[in-house]
Amino acid sequence: MVKLTEWRGKEIFRRYGIPLPRGRVVRSAEEALAGTETGDIPLPCVIKAQVLAGGRGKGGAVRFASTSAEAAEASRAILGLEFKGERVKELLLEEKLPIARELYVAITLDRAARVPILMVSAQGGVEVETVPDAELLRLPIHPFAGLTGFEKRRAIRALGLAGPQAKSLDGLLDRLWRAFQHEDAELVEVNPLAVVGDGVVALDAKVSIEDDATFRHPEYADIRDDRTPLEEVAREKGIAFVQLEGNIGVIANGAGLTMATLDVLQQFGGRPGVFLDLGGTDDPAKVTEAFLLMARAKPAAVFLNIFGGVTRCDTVARGLVDAIRQVPPAEKFPLIARIRGNNEEEGIAILRSAGITSLHELEESAKAAVAAAGATV
Amino acid sequence: MVKLTEWRGKEIFRRYGIPLPRGRVVRSAEEALAGTETGDIPLPCVIKAQVLAGGRGKGGAVRFASTSAEAAEASRAILGLEFKGERVKELLLEEKLPIARELYVAITLDRAARVPILMVSAQGGVEVETVPDAELLRLPIHPFAGLTGFEKRRAIRALGLAGPQAKSLDGLLDRLWRAFQHEDAELVEVNPLAVVGDGVVALDAKVSIEDDATFRHPEYADIRDDRTPLEEVAREKGIAFVQLEGNIGVIANGAGLTMATLDVLQQFGGRPGVFLDLGGTDDPAKVTEAFLLMARAKPAAVFLNIFGGVTRCDTVARGLVDAIRQVPPAEKFPLIARIRGNNEEEGIAILRSAGITSLHELEESAKAAVAAAGATV
Amino acid sequence: MSVLVDGDTRVLVQGITGHQGTVHTVQMLKFGSKVVAGATPGKGGSTVEGVPVFDSVEEAVGKTGANATCIFVPAPFAKDALLEAVDAGIRLAVVVTEHIPFHDMLTMYHYARLKGARIIGPNCPGIAAPGKAKVGIIPNVVFRPGRVGVISRSGTLTYEIVSGIKEVGLGQSTCIGLGGDPVVGTSFVDALPLFEADAETDAIVLVGEIGGTAEEEAAEYIHHHVEKPVVAYIAGHSAPPGKRMGHAGAIIARGRGTAESKVAALEAAGAKVARFPYEIPGLVREMLGKPASP
Amino acid sequence: MSVLVDGDTRVLVQGITGHQGTVHTVQMLKFGSKVVAGATPGKGGSTVEGVPVFDSVEEAVGKTGANATCIFVPAPFAKDALLEAVDAGIRLAVVVTEHIPFHDMLTMYHYARLKGARIIGPNCPGIAAPGKAKVGIIPNVVFRPGRVGVISRSGTLTYEIVSGIKEVGLGQSTCIGLGGDPVVGTSFVDALPLFEADAETDAIVLVGEIGGTAEEEAAEYIHHHVEKPVVAYIAGHSAPPGKRMGHAGAIIARGRGTAESKVAALEAAGAKVARFPYEIPGLVREMLGKPASP
């Protein structure tokens, strides 16, 4: 999922003709000063940290300014802050509008119904999870019918809009649906959607694009504001890599097996750190790269748990043996290996020739990994 | 159906990125001279009369020119000609291309299957009705799937294209499909589609747009190159009006009843002239307008055959009586009326009060109309 | 059993507050149809001829149990109205509206099919089973309960023919006006099996027109699957060929679509083909083995 | 009777000439599947491991009677491959390809449904009935014919669990790997009735994961419709919550989607829930009333 910061989401909204406050993104207090002085950013204005995490208002990552000097000062204060783990590098400065009401509108996927779903609530501007079910209208959108007029009418009725405001929302819903479809979005969310005068304006924008669709949207492929440097390296090599708090490195293949491995490690008191999903591969070099990447994360011990299907056991064993030879002695760590499935015998034999024993049972292997990591802490 | 001349069809093709020969439309020999001299229209060029009828090549409505003087001369010769009932007012001058092969490609509606259908043939440039079934590939396009890759591959295989020519056709098919959908076309036809060098080029364009869709395509609403002046007036008043060769004017309501009326008239030796389908209306003024329009066509007799449903008999009777009062004595003609269906009694009474007898049976009415028309010839 | 509609049909009228909607609601009620609800966005809470009006079809269906709809809304909004009805669970939709772009109708047709709903129309007079229910606009006066089924592509011509059947002392089981648009929800081939299976229908009258190949397909179906006597009429055998545009239509038709082609196909399938509308009642009598009326 | 595949399954492999397509064609043949055709545009006329390759699915179906397909074609072309298969009359499609955009899968799913076809996957290991047929990529070594049905959202974890069932001396009737993508052609709720109805299945193993609400929906279905014993496992109860993005997902889930929610729902529905994969075989034995293996 390519998560976009507010201003990037709004760039998309702008392309689809969704009404937005005037303003722009700045990366320094000087830019904020200049932008407000030239009128590029109307005053009074709102200054918002461009981070992915929610709760910016309460968390001090949103401020207001009536003059250019105040805008510059507020910008200086927010830039560089760490907000829920993210460093603030960009701000969005926008005109402060006379808001009559705050609504909620989003389109996302309803997995169970296998259709996109439009959700609206008259209670916008708050955490929508807290809004009672009765206050939230969910409208399935059949992909073969698209967003229909009668669904829009239901949404408009639920929000209690009429006249030009209703017309404005009608247009916004069409545009939001087009953006959702044509940008291969997983989510387009406007919270709050403000009623201002005769129309509606998107005050915020949460847009995420489907990873798998970047082959037809190369413009999103490089936007990753939410990865650690090691995760970024892994992504470039096509390896799923997640950093947690613990000290046991886990290399497995497939999301389900990886999660089950973490479950079992934790059951025996282990603290999984980096985990790394090889996915399906039969390239030994990719296994080698994955292992060396793991080494860079300096785990206390590594548990390799592979069930060979597309990924054959001998491939993994070959890549692993190659990698171990490349790890400098000073950086070595205990390795517990369990390889099962396709070409199991060949894989076990290759490991044995390099002095590595492959264990058979998941339970015993997990216990061994926990013990090894504990011993080195 | 809004039928477009070649150059208007090509304007649409251009918007969708379909490859076309270079050139432009001209309306005088001077324009042809200037266009070829400036290189706007490359030489040698083809000069084609912009008429809707087919068979222009054989009919002398297509000429070639190697010099500007020749182009001007040929243009002068064709402009103003009458071609199958159409006056030539516009010419399309285009570069003459080195054609390797001529293919046929079209998308239209398959009424029976209720899907659009792509049709291709390796035998282009000829009257495609004459091509044997085996030489013509028909590919249904499901509206929910759109034109798929596998259908395009089948088309490309059938036409025997490969490499860059196949790729060029693939792109053209996508664009043709988009044009068909987004312009609400009834037909997009390219015959011939020329293979030139590494690609394909649309040498001709036959496009017709659905009448009923002009509410979302107002740009087509005024393009009517195929109507008589009276037909044009009728259209403006929302009345279906067709001029034939005979002398009996027919006013009926509904296409089926109108056709059945013509059938019966002809059976008894009558020659239907203008026929006019009131459609569904309950506005007496529209009936009056229709009748006066009919009067302008100077029929020998008029047969009014109405079965009231949406259109009520009393409405028709009222409109009719009003119209008759407005026809000057010198332009009067015999009127045979038959009104049946909803509010029949009221209608008949209104006619009777104006001295008009409504007949009951279709057979006897038709015979009366034929007799009346014969008497005045 | 009649075809598609009966005494349990509960009719919703979409666009009931428009002129045609109101006029035909009155006519349907007079016919004996249970018109239980109307729907017009923004007019919820009002009534038309005693029929409650709702803002949405969903609400109308929920509150009144409507199970069929008659759509009068203007062409630009007809697609939306149909999708709304189908999504709300309606399984029989009569679309009276004319001038709906066929591109819209393609979506309507395939979406209705996906949801298991049947469309009659668009641009059609609808369906009526005398003594039971009418959904549509066929004039009440032309009907009389009886055992002749009528399927027609025409509007007013249907009235003419149905009326003719009544005048010779016969009556109709069910009459369906399919509509004459390029894409119709129910074609002859879809309607024929319903009449063939209907215990209340003894003979079928099929009213076609020139253009398209629906009558040729009907003939094919009759040949293989219809045992009941069929009387047919094709309007337009005197009509001049239209100005031609492109060759695609001709390729699809391949010589079919003319009156001659349709008449020949129907006769080959065992149907009696009338040359003129007024011959139909006599042919029906003949095929039913009944004497001429007094 | 096994579920969805049996000895009459005639498998087409789309993308057979690619590396994975070829590798798994060999494995399917070794399993005993009737792999009758391959399809790769432009490679018609060649063979892969003795299996004839065609340019189009239509041709492959016409010449070999293939009635199921296994799709290996790359993600950007997978939608087209599926539509081609469905249009050619294939009624069971296993989509192995991963990374298909869910927007594409929405079209694939609803189009297949329209045409009466079933998709398993995408991004899935496929289906196998030991001794009968395999369509997909589950390693042959993990299977042994038996009476335990397995339905799983995972890939390799399925192999682990199926293998565990074999190691305690039990076997499988049919195993379906549904795939873990946001939109899948066949969900737990779709697969459960097949196993409940299958005369060769005595117990059902359900392997879920955190995220989505498929397991909660399965629990609901089990509660009302499944009589056979169900053993379940949910992977990921130790996984940390991902970074949050917007609220829409949370609204849909409404507190469901966590391991706790899924386990509670399944237990309330009468399923036995294993805490770890290696507990599953023992619980199956227990529910079948069989003694522990020697």
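Each chain gets a letter, A, B and so on, in the order the sequences are listed, and its residues count up from 1. Hydrogens, waters and symmetry mates are skipped; everything else that's a heavy atom, side chains included, is used.
A salt bridge is defined here as a Lys NZ or Arg NE, NH1 or NH2 lying under 4.0 Å from an Asp or Glu carboxylate O, and B:R153 with D:D80 meets this definition.
Most heavy-atom pairs under 4.5 Å with chain B, from the set D:P41, D:S56, D:G42: that is D:P41. Ranking D:E58, D:M108, D:H110 against chain B, the residue ahead of the rest is D:E58, based on heavy-atom pairs under 4.5 Å.
Both the backbone and the side chain of D:D55 come within contact range of chain B, each with at least one heavy atom under 4.5 Å from a heavy atom of that chain.
Between the side chain of D:S152 and the backbone N or O of D:G177, no donor-acceptor pair lies under 3.5 Å.
A side-chain donor-acceptor contact under 3.5 Å links B:E151 and B:T148.
Between B:Y220 and B:H217, the angle of the ring planes lies from 30° to 60°, which puts this pair in the tilted group.
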